[in-house]
Protein chains: 2
Amino acid sequence: MDLLVKDGHVYEDGNVVRADVGVRDGRIAEVAEAGDIGDADRVVDASGSLVLPGMVNAHTHASMTLLRGYADDLPLQTWLEDHIWRVEAHLTPEDIRVGAELAVVEMIKSGTTAFADMYFEMDKVADVVDEAGLRARLGYGIITVGKDDEEARDELREGVEFARDYDGTADGRVRTMVTPHAPYTCDDETLRESAEEARDMDVPLHIHLSETAQEVDDCVENEGVRPPEYLDSLGVFDGDEEDSGTEAYVAHGVHLNTDDIELLASKDVGVAHCPSANMKLASGVAPVTALLDAGVTVGIGTDGPASNNTLDMFKEARHAALVAKTRENDASVVSAREALDAATRGGAELLGLDAGVIEEGRPADLVVVDLDAPHLTPKHDLVSHAVYAANGADVKTTVVDGEVLMDDGVVETMDEERVVAEAEETARELVERAEADEVIDG
Amino acid sequence: MDLLVKDGHVYEDGNVVRADVGVRDGRIAEVAEAGDIGDADRVVDASGSLVLPGMVNAHTHASMTLLRGYADDLPLQTWLEDHIWRVEAHLTPEDIRVGAELAVVEMIKSGTTAFADMYFEMDKVADVVDEAGLRARLGYGIITVGKDDEEARDELREGVEFARDYDGTADGRVRTMVTPHAPYTCDDETLRESAEEARDMDVPLHIHLSETAQEVDDCVENEGVRPPEYLDSLGVFDGDEEDSGTEAYVAHGVHLNTDDIELLASKDVGVAHCPSANMKLASGVAPVTALLDAGVTVGIGTDGPASNNTLDMFKEARHAALVAKTRENDASVVSAREALDAATRGGAELLGLDAGVIEEGRPADLVVVDLDAPHLTPKHDLVSHAVYAANGADVKTTVVDGEVLMDDGVVETMDEERVVAEAEETARELVERAEADEVIDG
C-alpha cells in the first residue's frame, strides 16, 4: 500500500466500524478489519479517531476570504451593492490567487477535500488547487447584466474557454463547469448557450437559483414564470442523456415551491444548500426535507466566506440539520447521518465526482477527526459527534487522492504561515485601494 | 499586578482597542495603553490576540455531558420520556460529579468563565466548580409533579437548603439560585414558595418557561392563562424592591407573544436564549429582537449538552445572530456586537454577577482568543470574527477571578486526560445500567 490509515473508527456505508483503510494509486484499495493491513509506505495512526470521507463544499467563492468580516449584518442587496461589489471591482488576479490560497489552507485544516468554486480569474484558482493538492470543480462566474452583446459574448467565451482549458488538469483533480452567475445576472441567450456548451464539454452547469424572495418576484414579473421554470425553458436543466453525473445543479434553492421541487427532481437537478449564508443574509431556509423526499440530490456549501464567515463544513452540516428541524417543526428530519451524507457524498454527486464515500475503488479523499477532546466525550454515537459536536478544528489529517495534505494539524502542501501573512496584507491593501477610490468618487 | 494580559486587542465598551489588562486581587485593576503596565507576577502574552470578557453560559445542565450524543434527532417529549429520563433515573451522585468535571473542562477550554446550572446533586457540582476555578450560579432543579405533598415539601426544602448552604462558597465563585424546574413540573404552592425563599435569600429564581407550543397550550387549558401570566400570578416574577440584580430569569422563552414580552419587561425578568437546543428539539426560535427592543435582558445558554451537543458559547452566539436574522427576515438584527454582548454581559446580568465586561473594578474573568489562524484572517473586524468565524477551540487562555485556568490550551486546574477517561467510562457504565434495567422491565 502507498498509505495506511490505521485502526480508526471508519464511517462506511452509514455505519461506523473499526477498520484499516489501505490506499494505492490514489484510490481506496481495501477497507479491512483493524490490524489486517500490514505494510505501507506511509502510515497515519487513526486509533481512537474517526475516519470520514472528506467534506465536499458544494458552493463557495473561495477568494472572498479576503473580505471575511468586511461587511456584516446587512441585507443582501446593500451588502452586495454598497460593499462587496465596490471592493470586488478592485480585485487583481494576484488578489484572487492570495485569497484562494487562504481558502485552500482553511479547507485543508477543516477537513474539506473537494469544493466547487464560482468566481473570477479562475486560472489562478486552478493553480492554487493544483499546488494545495485539493480536488475542485471550478467555473468562471459569467455575468452579462449591464454589458452589450459583444461584451456578453466575451463573457460567455471566457467561461467556456476556462472550462475547456482547465478540465482534467492538476493530475485530474481540477475539473471544471460552466457557471452563469444567476438567472437575473445573465441574458437568456447566454443562459441557453452556457447549457449547450456544458453539454458539449460534458461538464456540469452550476448557477445560483431562487436565493431570495425578491429574485422570485422579479422573475415572475419579468419572465412570467418562476426562476426554475424560466431556466428550464432555456434548456439549462437539460443534461446529457447518458446520466453521466454532470447534470446541472443550483446553489441556494431557498424559495422553491412544490412545482419547483418537482421540476428539479424530474430534471435530476441537485441543490447546494448553504444554510449559514442564507440565514446570515436573511434570505430564508431552503426546503431541504421536501427536496430529499422528492429525490433531489442535496449537497452542502458554505457560500463565500464573506457571507458565512468560514469555510468550515462541519459547522455547515450542523446548521443544515438544525435549521431543517426548525423549518419543519420536526426534530426527526435531517438526522446527523443525513446531514453528514449531504456534506460528503451528496456534494460529491453534485460535483460529478465518485468521491464522498469510503469504499474500495473510490478516490482516497478522507479525513481523520481527533476524538480525544472533552467536547467529543463520551463516544455514544460518533456520527452525532461529527455533526453536532465537532468543528473543522478537530480534523487532524486530510488526505486527497491518496496524498496526505495535512497530518497532526500541520499542512504539508502549503506554507500556512506565509499564506496567512500574505492574505492579511493583501486584504488590507485591497480595502485601502477601494476606500481611497470611494473618497475620490465621492 | 498579580497578572498582566499583555498587548491584546481588547474588547472594551463595544470597541476593540490595543491594550494591556492588569489584574490585582481577582479584579481588573487597569486597562492601559499597550506597553504601559510594566510588571506582574504572571504575564499572559496576548499580542496579536483578541481579549474578550469570558463567555457566560446562562442556562445549562452540565452533568448531562454524560448523555452527549446518546439520543438525537427525536422530538422533545420522546427524547425526554423514552430516553433521557430513563437514563437519568440511574444517575448516581458520583456520575453527576464526573459529568460536571467533563463539563467544566470543556467550558474552560472553550472560553466560558461562568455558567448557570440547574440539575441534581448540586453539592457535587459546587465542589467541581470550586476545584475548576470557574464561576457559577447553581440551583437544584425542583420537580414536584407525581409527588405527594410531603415529597413536594422535601423537594422544595432540598432546593432551598442547597441555595442557602452553598451561596458564596468557593471563595465567592459559587453563587446559588432557587430553580423550580418549570411551570408544568411544579405545583403552584411550590412555585410560590420558591419565589419567597429566593427573595428571602436574595438569590435569583430561574425556571424553564414557554419552551414549546405544547407547554403554552397546556397551560392555557389547565390554568386559563399563558405561562408567564401564570407564574406572575404566583409571585414568581416579584423580585425584591432594591433591584439587587437577583431578579427572576427564565430559560428558553421561545413561545412568547407581545403581552408575554411586556410582562417580562415590566417585571425585569430576563431570558436565557438557547438557540441550538431550541432548533435541535424543533421547539422554535425565541423572539430575541422583540425582547431586546422591549428592554428585556437577554443572555445566551447552551442548554444541556445532550440537546446541543456542546458547551461552546462561541457556536451559540453565532446561532443567536443567525436565527434572529432568519426569524425576522432582516439581516441587520442581532448584530455580531449584540450577540457577543448577550453571550457575555447579558448572561452576567441574568446571573447577577458584575462580570461580563472588561473594565476597571470588574472581576477579572476574561479569555484570550488566538487570531493566528486561516479562518480568522484577515482582521477586518475582530468582533465579527468572534461571533461568525471563531470557535471555542480558538481560545488559548481562560482567566477567572484573576486566576489562569488555562494557558496555551493547557488546563491548569484540572487533569484533562483523567477527566476525559473517567467520563468515558462512567457514561458507558451508566448507559449499560439503564439499558440492562430496561431489559428486565421489558
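Reckoned from all heavy atoms, side chains included, excluding hydrogens, waters and symmetry mates. Here is how names work: the chains are called A, B, and so on, in the same order as the sequence lines, proteins then strands, and each is numbered from 1.
B:H319 and A:H319 have tilted rings, their planes meeting at an angle from 30° to 60° on a 0 to 90° scale.
Between the side chain of B:H380 and the main chain of A:L66, a donor-acceptor pair closer than 3.5 Å is present. Here the side chain of B:E424 pairs a donor or acceptor atom with the backbone of A:K379 at under 3.5 angstrom.
Shown here is B:E429, whose CD atom has more than 12 heavy atoms of other residues, nucleotides or ligands within 6.0 Å. The number of heavy atoms from other shown groups lying within 6.0 Å of CD (B:E432) is above 12. Counting non-hydrogen atoms of neighbouring residues, nucleotides and ligands closer than 6.0 angstrom, the CG atom of B:D372 reaches no more than 12 such neighbours.
Residue contact with chain A, scored on non-hydrogen atoms closer than 4.5 Å, involves the side chain of B:E416 exclusively. Within the 4.5 angstrom heavy-atom criterion, only side-chain atoms of B:K109, from C-beta onward, approach chain A. With a threshold of 4.5 angstrom between heavy atoms, A:A324 does not approach chain B through any atom at all. Heavy atoms of B:A103 lying under 4.5 Å from chain A are absent altogether. Heavy atoms closer than 4.5 Å to chain B are found nowhere in A:A321, neither backbone nor side chain. With a 4.5 angstrom heavy-atom cutoff, A:S283 does not touch chain B via any of its atoms. Heavy atoms closer than 4.5 Å to chain A are found in the side chain of B:D312, but not in its backbone.
In this structure, CG on B:L74 lies 10.0 Å from CG on A:D330, to the nearest 0.5 angstrom.
When every heavy atom of A:A389 is checked against every heavy atom of B:T310, the shortest pair comes out as CA-CG2, 3.3 Å.
Taking the side chain as every heavy atom from C-beta outward, B:Y388 and A:D72 approach each other to under 4.5 Å. A:T377 places none of its side-chain heavy atoms less than 4.5 Å from the side chain of B:T65. The shortest side-chain heavy-atom distance between B:V323 and A:T326 does not fall under the 4.5 Å cut-off.
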B:K325 and A:D73: CA distance, side-chain angles, deciding distance, side-chain contact (heavy atoms from CB on, under 4.5 Å) verdict: CA-CA 9 Å; B:K325 295 172 196 309; A:D73 305 321; 2.8 Å; yes

- prompt: Is there a side-chain contact (heavy atoms from CB on, under 4.5 Å) between A:H375 and B:N309 once you walk through the steps?
  reply: CA-CA 8 Å; A:H375 67 285; B:N309 291 349; over 6 Å; no

field: Test side-chain contact (heavy atoms from CB on, under 4.5 Å) applied to A:M279 and B:R318, step by step
entry: CA-CA 11 Å; A:M279 294 175 87; B:R318 183 182 205 263; over 6 Å; no

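Among B:P374, B:P75, B:A282, B:A393, the residue with the largest count of heavy-atom pairs under 4.5 Å with chain A is B:P374. The candidate with the highest count of non-hydrogen atom pairs below 4.5 Å against chain B, out of A:T78, A:D381, A:L311, is A:D381. In terms of non-hydrogen atom pairs under 4.5 Å with chain B, the most contact-rich of A:V334, A:N308, A:V431 is A:N308.
No side-chain donor-acceptor contact under 3.5 Å links B:R68 and A:S384.
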